[in-house]
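In the text below, chain A, chain B and the rest are named by the order of the sequence lines, each starting its count at 1. Side chains included, hydrogens not; waters and symmetry mates left out as well; all remaining heavy atoms used. Remember, predicted model here, so these are calculated numbers, not experimental data.
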There are 4 protein chains.
Amino acid sequence: MARPRSEDKRSAIMSAAIHVIASQGLGAPTATIAKEAGVSNGSLFNYFGTKADLLNQLYIELKSEMAAAALDGLPSEDDIRRQMLHVWSQWLSWATSFPEKRRALTHLGVLDDITVESRQIANNALSGISKLLERGRENGPMCNTPLEFIVSIVNAMADATIDFMINDPANADKHCTVSFDAIRRMLT
Amino acid sequence: MARPRSEDKRSAIMSAAIHVIASQGLGAPTATIAKEAGVSNGSLFNYFGTKADLLNQLYIELKSEMAAAALDGLPSEDDIRRQMLHVWSQWLSWATSFPEKRRALTHLGVLDDITVESRQIANNALSGISKLLERGRENGPMCNTPLEFIVSIVNAMADATIDFMINDPANADKHCTVSFDAIRRMLT
Amino acid sequence: MARPRSEDKRSAIMSAAIHVIASQGLGAPTATIAKEAGVSNGSLFNYFGTKADLLNQLYIELKSEMAAAALDGLPSEDDIRRQMLHVWSQWLSWATSFPEKRRALTHLGVLDDITVESRQIANNALSGISKLLERGRENGPMCNTPLEFIVSIVNAMADATIDFMINDPANADKHCTVSFDAIRRMLT
Amino acid sequence: MARPRSEDKRSAIMSAAIHVIASQGLGAPTATIAKEAGVSNGSLFNYFGTKADLLNQLYIELKSEMAAAALDGLPSEDDIRRQMLHVWSQWLSWATSFPEKRRALTHLGVLDDITVESRQIANNALSGISKLLERGRENGPMCNTPLEFIVSIVNAMADATIDFMINDPANADKHCTVSFDAIRRMLT
DNA sequence: TATGAATGAGGATTCATTCAT
DNA sequence: AATGAATGAATCCTCATTCAT
């Protein structure tokens, strides 16, 4: 029985990666990430076989965390509008509360090395949000549009909104509301 | 450096960069771009002092071209809805007609090396579109929202729509219309 | 370190090393050898203080096994020619029967890390063969040549012959005989 | 017109490689070779795409040089014995005169990265010697043995002899003669 | 004693940029 | 001005060896 592989260390590397990628981009050396995590250069490769591997897992984890945050405490018995607002608020709130995670996620999203599998897993994590949108657009003008298309658009709007909330925190709530209402007009 | 003798060569490098970046991403070596342009490795640095320099100029040029394409033949005497539809169609049409340019632009958009000046210049090129949106949202529910916010959102929707048009060309026109109508509902 | 508890494990490592080195060469990681032996990475260093140490012991063991195989069942009362043929046949037979051992031995033979002591020990193991050669060249044209020189040459011829036997198994016996006769002509 | 790729530099790298490999083995870092050649780390890769590439070219060059040395000044009108002795002497003389080249060649010979093409090219360079052996074994006891087998054996004997000549230079000539006579007995 | 996680030096290769021709 | 060879810092990953458990 040797030293067990420590979950702490794994997540230290993940956290370090978030921080370093947020500030230096995806070109950040693995060595920098390792040092930030307080771990040796080689140890990083005990936990992640490859830099791309680390990046993929990070992508999945962040997307999942984001989805979980958005769906947390969903008031299932409320009407659909209330539920959507809840999700939308929490989604944007998560992104503005953890700007580094959000920034890292933005970088990761355009990385070619993120595999299709990773993207699928991430999308599955978002299925709760998709279902909500499915109900939200029922009987509306976009009821025949492919759901993925709507998900994409809403995603894009979230990104744009988050940018504005971060750059203009004083009016963050207002931006959040404005874009939510815009989405409602789109869908209903 | 950066003292172009032949405009032909400069644009050959630009074109090569689009092609190479579209297929290999921003990590593509300058040497590859130079070769694709039929120009020597060193020559590239006579036209662009730095790789970042080349990338910035490319970013500006592509954004400008996109804006020009969108505004080309604008029916100024038509009503605002007509004009917006015209711009929207041309915009998406440009992106789907030149997928490499669009892809390169997507890559460039997230690059840290794109300076604020470059982004401003690019935004200026988009001012024609902004003005149209300004008129388009007049008296509507978003009349008090910062215009840039609306530009951002519309931009994001364009990106999302383009992705769908490229992946599902058979229904490209429908996607174009659907998202245009969605924007109209948002703004009016 | 190098304090074996179980002889089984030691020889499992040795066998694994033969297999791994034969297929991957001397650059093979100790971890690979350990895994192949069904032993932990660290355990290997309980049995052999160093990779070089393992390699040296393996070298000695293989050379000794080869010599033992060659001399096994030596018909001591037969005439010298018969005895030499016996040894020669068994030698080559061992090499072709255990191609991995032979291949590993070839790799090890050129390794700088094999110490002079190891080489001497290995040579001692070959003394039975040397003695036979000593008698075999008596009164012949090479009776005044340093015995080691003759041993070297015969060794080299064995290597060359083995290569041919392995590559052309159909004629293995013929190659064996041909080279034996050649040696006889050299020595008598 | 840029600085032309210099043949001098290429051969400086080759020479450095010989020296470094002879003393450190094939594990020698390319950086060491480059430094020894008075060339930058990266420059080495302008001349040789890969370490394996360098090693292959070195192998071919050394084998060819060895063959050329052996065949240099061949007395074509002399009888076959004389010619063979000439070749044999020059061969061994080259090896003992350039011990580093010979040592490097020994290392290279067992390297897995040497391609079959390289080995073929090298063998072609040795064809002059093969032809001589072909004539030398005519009508002798090995006239029906595959020629390559004989080449192999002679090669192996050369190696063994060279070792002895280097370790016991005082008797180098004697060793040369002794093994030549041994070969003659083998073949005739 | 056995395990396998931790370490960190080391090494091949890439690439933006410079500079001799 | 154009070329492409030269440079060397930078980076990912490997692996023998150590050591906590």
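- Atom-to-atom, CZ of D:F45 to P of E:dC15 comes out at 13 Å; the value is rounded to the nearest Å.
- In the set F:dA16, E:dT3, F:dA6, F:dA6 carries the atom at the smallest distance from any side-chain atom of D:K9.
- Between the CD atom of A:E7 and the C1' atom of E:dA5 there is a distance of 14 Å, given to the nearest Å.
- Residues in residues 49-67 of chain D take part in these salt bridge (charged side-chain N to carboxylate O under 4.0 Å, His left out) pairs, two or more places apart or across chains: D:R10-D:E61, D:E65-D:K101.
- Residues from residues 104-118 of chain D with heavy atoms under 4.0 angstrom of DNA chain F: there are none.
- Side-chain proximity of B:N41 to the nucleotides E:dT17, E:dA2, F:dA16 is greatest for E:dT17.
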Pairs under 3.5 angstrom only: tabulate donor-acceptor contacts from the side chains of residues 35-49 of chain D to other protein residues two or more places apart or in another chain.
from	atom 1	to	atom 2	distance (Å)
D:S40	OG	D:G42	N	3.4
D:S40	OG	D:S43	N	3.1
D:Y47	OH	D:S6	N	3.1

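- Taken residue by residue, residues 21-40 of chain B places heavy atoms nearer than 4.0 Å to DNA chain F at B:S40.
- Every stem involving DNA chain F, taken as at least 3 paired positions in a row under the Watson-Crick or G-U wobble test at 3.5 Å, is listed here: E:2-21 with F:2-21.
- Remark: A:K9 pairs with no residue by the side-chain hydrogen bond (donor to acceptor under 3.5 Å, both in side chains) rule, at least two apart or across chains.
- In this structure, B:G42 and A:S6 both approach DNA chain E, and ranking their closest nucleotides by distance from the 5' end singles out A:S6.
- Listed by first and then second residue, the side chain to side chain donor-acceptor pair (under 3.5 Å) pairs that reach into residues 12-31 of chain D are D:H19-D:E100, sequence neighbours excluded.
- Distance, B:R10 CZ to F:dA1 C1': 18 Å, rounded to whole Å.
- Within residues 47-58 of chain D, the residues having any heavy atom under 4.0 Å from DNA chain E are, by residue number, D:T50, D:K51.
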Please table the atom pairs, donor to acceptor, closer than 3.5 Å between any side-chain atom in residues 106-119 of chain A and protein atoms at least two apart or in another chain.
from	atom 1	to	atom 2	distance (Å)
A:T106	OG1	A:R102	O	2.9
A:T115	OG1	A:E117	OE1	3.3
A:T115	OG1	A:S118	N	3.1
A:T115	OG1	A:S118	OG	3.0
A:S118	OG	A:N56	OD1	2.5
A:R119	NH1	A:G109	O	3.2
A:R119	NH2	A:L111	O	3.1

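- We find that CG of B:N46 is positioned 12 Å from C1' of F:dG4, with the value rounded to whole Å.
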